[in-house]
Novice: 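Have a look at this one.
These values consider heavy atoms only, across backbone and side chains, with no hydrogens, waters or symmetry-generated copies. For ligands, and for the atoms within them, numbers begin at 1 and follow the listed sequence. Residues: numbered from 1 along the sequence shown.
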Amino acid sequence: MISYGKKYYFKGGGILDDVWDIPTIASTSSERIGYPTQKPEELISRFIRAFCPEGGVVSDFFCGGGTTPAVAQRLGRRWIACDQSRVAIAVTADRLARGALTLEGGMSQIPDFTIEYWGVYETRRLTQMPEAQFRKFVLTCFGAREETQTAGIHGYKGSVPVWVCHPDPKQEVTHKEVVAFANAIRRTLAYQQANLRDGIMLGWAFTPEAQQTADQLRERQNVDVNFVRLDLIRIDSPRFREHVASLSTEHADYLNFLTFVQAPRVQVGYKRLSPLTYQFDISDTVITNAGAKIINVQWDFNYDGKRFVSTEGYALGKATTNITYKFPSTGVYRVACRVQDDKGGEGLWVGEIRVK
Ligand SMILES: C[S@@+](CC[C@H](N)C(=O)[O-])C[C@H]1O[C@@H](n2cnc3c(N)ncnc32)[C@H](O)[C@@H]1O
């Protein structure tokens, strides 16, 4: 490319001005989603086509209303999108799901993406993780390193072998698992050469037989298996607050400044106004974050129980407590309402409605 004054002359002969004249999105355009700083798709499309090959990865770490991932998806690029605002993430997810490709036969295909919330550990997801991923997570939290080469030992804390239970909290550690771990410890060089006899088992619960077995091993067989119980503690519980505060020895008043974002308790009331038409009301919703106010309400009137996709016209809603919706036909519908507050709290209500 040769630059000359304001114009760029490409070797192939084309001319490109150094000003891109792209109009803002008209207020009536269907492209407008209502995100305050939304950029025109044409602008983002030019950047992506110029700088990222097909199949390449486009990242936007301040994705706002999701223009970048939406355009990247359409242009056949992979993408990573981030934002500090939950509203931005909700709007982006909606936009991607609604921009689904329509396949032959009228079926639509929603792009395969996942949403990760940084710094938030959802206990349900934790207990449903694949075993290997769960173990790695627990070992990291415990300050241990993962071990993948030695059968029966999952990690080491310093030089002490560590074993991690199954992700399902209903599964207790059994005496057989204790024996197997003790045998794995005995096979280690550290045990055989330096008589390092300790081991740690991390588990949700231990059967009485498991406890007995550990006691016997300690007394008779020179293996010292210690149990550490995993527990799911709510982040806003007094127990957790006290624990975090106890870690701060420098600031005695730490507890006063410790706040956690909490989910609003979404309450939805509804009534039938006329055939197929219902009014929904969220005025009984309780906002649990001090001083917070609702900034976004979205509705999915045909929720599949997995992926929330706002019904057209019901995405990025202001704090409207009352809305009216006309269902397409009679039948049973699963309805979901997502409420977000300006402190980052987010809650979901799901209900089944027999529409008449
Ligand atoms: C100008 S908007 C992006 C608009 C976007 N291009 C679109 O088309 O909708 C900037 C975004 O950056 C986000 N943001 C600001 N500071 C951030 C930070 N430190 N980390 C992550 N996101 C941040 C804001 O929440 C906002 O959504």
Novice: Check Val162 against Leu202 and note the closest heavy-atom contact, atom names and distance.
Specialist: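 Shortest heavy-atom contact: CG1-CD1, 3.8 Å.
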Novice: Looking only at distance, does Ser85 have an N or O less than 3.5 Å from an N or O of ligand 1?
Specialist: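 Looking only at distances, the answer is no, because the N/O contact criterion of under 3.5 Å is not met.
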Novice: If you count the atoms of ligand 1 from 1 in the order shown, which ones are under 4.0 Å from a heavy atom of Phe61?
Specialist: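 Answer, ordered by atom number: 21 (C), 22 (N).
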Novice: Going by an N to O cut-off under 4.0 Å, is there a salt bridge joining Asp231 and Arg239?
Specialist: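 Yes, charged N to carboxylate O under 4.0 Å.
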Novice: How close do Pro169 and Trp204 get, heavy atom to heavy atom, and via which atoms?
Specialist: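 So the two residues come closest at CA-CD1, 3.2 Å.
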Novice: Is any side-chain heavy atom of Tyr191 closer than 4.5 Å to a side-chain heavy atom of Arg197?
Specialist: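 In short, these two side chains touch, coming nearer than 4.5 Å.
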Novice: Taking the six-membered ring where the residue is Trp, are the ring centres of Trp299 and Phe280 under 6.0 Å apart?
Specialist: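 Centroid distance Trp299-Phe280: below 6.0 Å, so yes.
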Novice: Where the closest heavy atom to atom 7 (C) of ligand 1 is concerned, which of Asp83, Thr92, Thr67 has it?
Specialist: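 Minimum heavy-atom distance to atom 7 (C) of ligand 1 goes to Thr67.
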Novice: Could you point out which residue of Phe134, Phe137, Phe142 forms a side-chain contact (heavy atoms from CB on, under 4.5 Å) with Val164?
Specialist: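 Between Val164 and the candidates, side-chain contact (heavy atoms from CB on, under 4.5 Å) is satisfied uniquely by Phe134.
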Novice: Give me the one residue out of Arg338, Arg86, Gln340 that meets side chain to side chain donor-acceptor pair (under 3.5 Å) with Asn296.
Specialist: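 Among Arg338, Arg86, Gln340, the one that satisfies the side chain to side chain donor-acceptor pair (under 3.5 Å) with Asn296 is Gln340.
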Novice: Could you tell me the residue and atom name of the protein heavy atom closest to atom 2 (S) of ligand 1, and the distance to it rounded to 0.1 Å?
Specialist: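 Going atom by atom, the protein heavy atom closest to atom 2 (S) of ligand 1 ends up being Thr37 OG1, 3.0 Å.
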Novice: Any N/O of Gly65 closer than 3.5 Å to an N/O of ligand 1?
Specialist: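 Checking ligand 1 against Gly65, an N or O pair does fall under 3.5 Å apart.
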Novice: Considering only non-hydrogen protein atoms, determine which one is nearest to atom 27 (O) of ligand 1 and report residue, atom name and distance to 0.1 Å.
Specialist: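 In this structure, atom 27 (O) of ligand 1 has Tyr35 OH, 2.6 Å as its nearest protein heavy atom.
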Novice: Do Asp60 and ligand 1 have an N or O pair less than 3.5 Å apart?
Specialist: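 For ligand 1, there is no N or O atom that lies under 3.5 Å from one belonging to Asp60.
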Novice: Side chain or backbone of Cys63 under 4.0 Å from ligand 1, or both, or neither, by non-hydrogen atoms?
Specialist: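 It is the backbone that touches ligand 1; the side chain stays farther off.
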Novice: Write out the residue and atom name of the closest protein heavy atom to atom 23 (C) of ligand 1, then the distance separating them to 0.1 Å.
Specialist: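 The closest heavy atom on the protein side is Phe62 CD2, 3.3 Å.
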Novice: For Gln38, counting its heavy atoms only, list the atoms of ligand 1 lying under 4.0 Å from any of them.
Specialist: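 Ligand 1 atoms under the 4.0 Å threshold to Gln38: 7 (C), 8 (O), 9 (O).
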Novice: Of the listed options (Gln84, Arg95, Glu41), which comes nearest to atom 21 (C) of ligand 1 when hydrogens are ignored and any heavy atom counts?
Specialist: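 Heavy atom nearest to atom 21 (C) of ligand 1 belongs to Gln84.
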Novice: Give the residue, atom name and distance (to 0.1 Å) of the protein heavy atom nearest atom 6 (N) of ligand 1.
Specialist: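 So the nearest neighbour among protein heavy atoms is Lys39 CG, 3.6 Å.
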Novice: Should the pair Arg307 and Phe113 be classed as cation-pi, given the thresholds of under 6.0 Å to the six-membered ring centre and 45° from the axis?
Specialist: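 Yes - Arg307 lies over the ring of Phe113, closer than 6.0 Å to its centre and within 45° of its axis.
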